[in-house]
Engineer: 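For reference, the structure I am asking about is given below.
Whatever order the structure lists ligands and atoms in, that order sets their numbers, starting from 1. In this text, all values refer to a predicted model and were calculated from it rather than measured experimentally.
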Amino acid sequence: MQKMWSGRFSTQTSSLLDQFNASIMFDRKLYAEDIEGSVAHARMLCAQGILNSDELNQIETGMAQVREEIASDRFEWRIGDEDLHMAIEKRLTEIIGEAGKKLHTARSRNDQVAVDFRRFVLRKNSELILQLKALIQVLIDLAKPHTHTLLPGMTHLQHAQPINFAFHLMAYAAMFKRDIERFESSHKRNNFSPLGCAALAGTPHNIDRSMTAQELGFESVSINCLDTVSDRDFALEILFNISTMMMHISRMAEELVLWSSYEFRFVELSDAYSTGSSIMPQKKNPDVPELLRGKTGRVFGNLIGLLTVMKGLPLAYNKDTQEDKEGVFDSVETAQISLEILKEALSTMTIKPQYMYQACKVGHLSATDLADYLVQHCGIPFREAHHITGRAVAKAETMGIDLSDMDFETLHVIDERIRKNVLDYLSIEHSMNARTSEGGTATLRTMEQIIYFENYLKD
Ligand code: ARG
């Protein structure tokens, strides 16, 4: 098969080279972007008098046919065509003849791939933003009935202070909101057109880059062609943004794994999103959150992979850059299915407030409240209050009870300045609702947070 660039070559390329060099097996995913880019380019060439309107017509009709052939799986992808750009141009020329050969005027595959891939990534940024918003909505719906549902807040995975379940969920809403903002800012930063940069230095043809930029939905044209054809920051950014998002998902997944264990029993995943064991008939395994946690590893790998590809490249385009696509495709696909299944798993799981409450009754969660009481009601300096509370906790331990269940007499013996109203301060409910500072867990503060995220989704 003759290569498009074979003019200066005297022998055929080896088939091993063809296999090694080709990207057509994976870059065909960009076919819609590639065809749209070509049509925009042809329209601009016509507007500038470089193509006549008859040629443009033929290119448009021919491209519509190519698109249809690919969409209906009738297109013949051949490894010898190297990449989708050449495969599509070649097929176009087969269909329309001479006019097809003029399409590549004032263009190179270097700006062509840059425009295709950039548009793909920008589109995926927008899709991920919508999916993240849908996930936040699920968290809000889950949270609303649980602003009074107590569970132990933890540090070091040890019982720390009581919080409510909605407050815990809104912590994740905050993370996912930041993720959205990262996708948005990356979208804005990278929303410019590479088309017209040609191989690296621009072109002597009288082109109109703004016209193609506008037609393809870009905000503006790129500033420096040498940079543009070798710039893959947009790809690195989506890989990083997906990595951070998956890191958040993975943290939530870890909690779901813990929470669905017999040790916690805070939630039960629906049967539709759980799996069984091939040997132990009683088992119900949280494969979904486990895989979410596990898949985070591969998206981190894709990020490090591309950073490493890019780090030593001299300007401008180098074939190394062809390695940019598979990792991005993989991370995007992983992120999209992960967001979808997490949303489903969350909205179908059963919440078990009774076990959350039970867990609040071990570990003396209201110890800080006793110390705060001693400061606020008995005028005791915090350090001393801390010490007295420590003694109360030790006493509770020897009695085999939780501090929240200690009787007044026992407390009074520990420190006689303690008055009977202390009992109001020791309950788990009180402890949670006492944390009324901005952003705190008190039910009213949690409700504010829910409203905040609801309003955010409305904008
Ligand atoms: N398949 C190539 C890639 O994905 C397209 C650009 C090729 N350019 C070149 N000068 N060989 O990067």
Side-chain angles (χ1 to χ4, degrees), residues 1-9 12-38 40-41 66 70 75-93 103-124 190 193-203 212 216 222 225-239 302 305-332:
M1 188 194 313
Q2 236 208 5
K3 294 275 188 308
M4 280 193 173
W5 38 254
S6 64
R8 62 104 71 209
F9 289 78
Q12 294 255 325
T13 53
S14 92
S15 65
L16 192 57
L17 174 284
D18 286 351
Q19 225 184 77
F20 188 64
N21 196 35
S23 54
I24 199 162
M25 308 75 83
F26 51 85
D27 65 11
R28 59 171 95 157
K29 210 182 173 81
L30 301 174
Y31 81 88
E33 282 84 3
D34 196 69
I35 289 172
E36 285 156 14
S38 288
H41 181 65
V66 176
I70 299 174
F75 192 89
E76 213 186 308
W77 298 101
R78 293 188 217 94
I79 209 118
D81 285 336
E82 196 176 321
D83 57 29
L84 99 149
H85 319 293
M86 290 201 287
I88 288 178
E89 191 187 319
K90 193 169 142 198
R91 179 70 190 126
L92 176 76
T93 307
L103 173 63
H104 214 50
T105 314
R107 188 176 73 166
S108 151
R109 276 183 297 157
N110 298 350
D111 59 341
Q112 198 177 348
V113 73
V115 85
D116 294 358
F117 195 32
R118 186 178 291 265
R119 282 185 71 227
F120 173 86
V121 166
L122 293 180
R123 176 159 63 86
K124 290 299 169 183
N190 293 298
S193 173
L195 202 53
C197 283
L200 71 162
T203 169
T212 44
L216 294 172
S222 69
C225 294
L226 192 62
D227 167 47
T228 308
V229 289
S230 66
D231 168 23
R232 292 295 180 274
D233 291 2
F234 61 96
L236 289 167
E237 285 181 24
I238 200 169
L239 289 173
N302 290 331
L306 185 55
L307 278 170
T308 312
V309 166
M310 297 305 294
K311 74 175 266 289
L313 297 186
L315 293 177
Y317 179 83
N318 300 272
K319 192 70 176 226
D320 313 44
T321 316
Q322 181 166 286
E323 291 293 313
D324 59 0
K325 289 172 217 39
E326 287 158 290
V328 169
F329 293 156
D330 180 64
S331 280
V332 164

Engineer: Just do the side-chain contact (heavy atoms from CB on, under 4.5 Å) check on Arg123 and Glu33 with the steps written out, would you?
Structural biologist: CA-CA 10 Å; Arg123 176 159 63 86; Glu33 282 84 3; 2.7 Å; yes
Engineer: Could you tell me, atom by atom, which parts of ligand 1 come under 4.0 Å of a heavy atom of Asn110?
Structural biologist: 8 (N), 9 (C), 10 (N)
Engineer: Closest non-hydrogen protein atom to atom 7 (C) of ligand 1, residue and atom name please, with distance?
Structural biologist: Tyr317 OH, 3.5 Å
Engineer: Show, in sequence, the C-alpha distance, side-chain angles and deciding distance for Lys319 and Glu82, and conclude whether the salt bridge (charged side-chain N to carboxylate O under 4.0 Å, His left out) test is met.
Structural biologist: CA-CA 12 Å; Lys319 192 70 176 226; Glu82 196 176 321; 3.0 Å; yes
Engineer: Going by atom types only, do Ser23 and Asp83 share a side-chain donor-acceptor pair under 3.5 Å?
Structural biologist: no
Engineer: Restricting to ring pair (Phe, Tyr, Trp, His ring centres under 6.0 Å), what partner residues turn up for Phe20, sequence neighbours left out?
Structural biologist: none
Engineer: Considering only the protein, which heavy-atom contact is closest to atom 11 (N) of ligand 1, and what is its distance?
Structural biologist: Arg109 NH2, 3.5 Å
Engineer: Can you tell me if Glu82 contacts ligand 1 (heavy atom of the residue under 4.0 Å from the ligand)?
Structural biologist: no
Engineer: Within a distance under 4.0 Å of any heavy atom of Asp83, pick out the atoms of ligand 1 and give their elements.
Structural biologist: 1 (N), 2 (C), 5 (C)
Engineer: Which atoms from ligand 1 have a heavy atom of Lys325 less than 4.0 Å away?
Structural biologist: 3 (C), 4 (O), 12 (O)
Engineer: Any Lys/Arg nitrogen of Lys3 or Asp18 sitting under 4.0 Å from an Asp/Glu carboxylate oxygen of the other?
Structural biologist: yes
Engineer: Who passes ring pair (Phe, Tyr, Trp, His ring centres under 6.0 Å) against Phe329, sequence neighbours left out?
Structural biologist: Phe120
Engineer: Considering distance alone, does some N or O of Gln322 sit under 3.5 Å from an N or O of ligand 1?
Structural biologist: yes
Engineer: Go through ligand 1 atom by atom and flag the ones less than 4.0 Å from a non-hydrogen atom of Ser23.
Structural biologist: 1 (N)
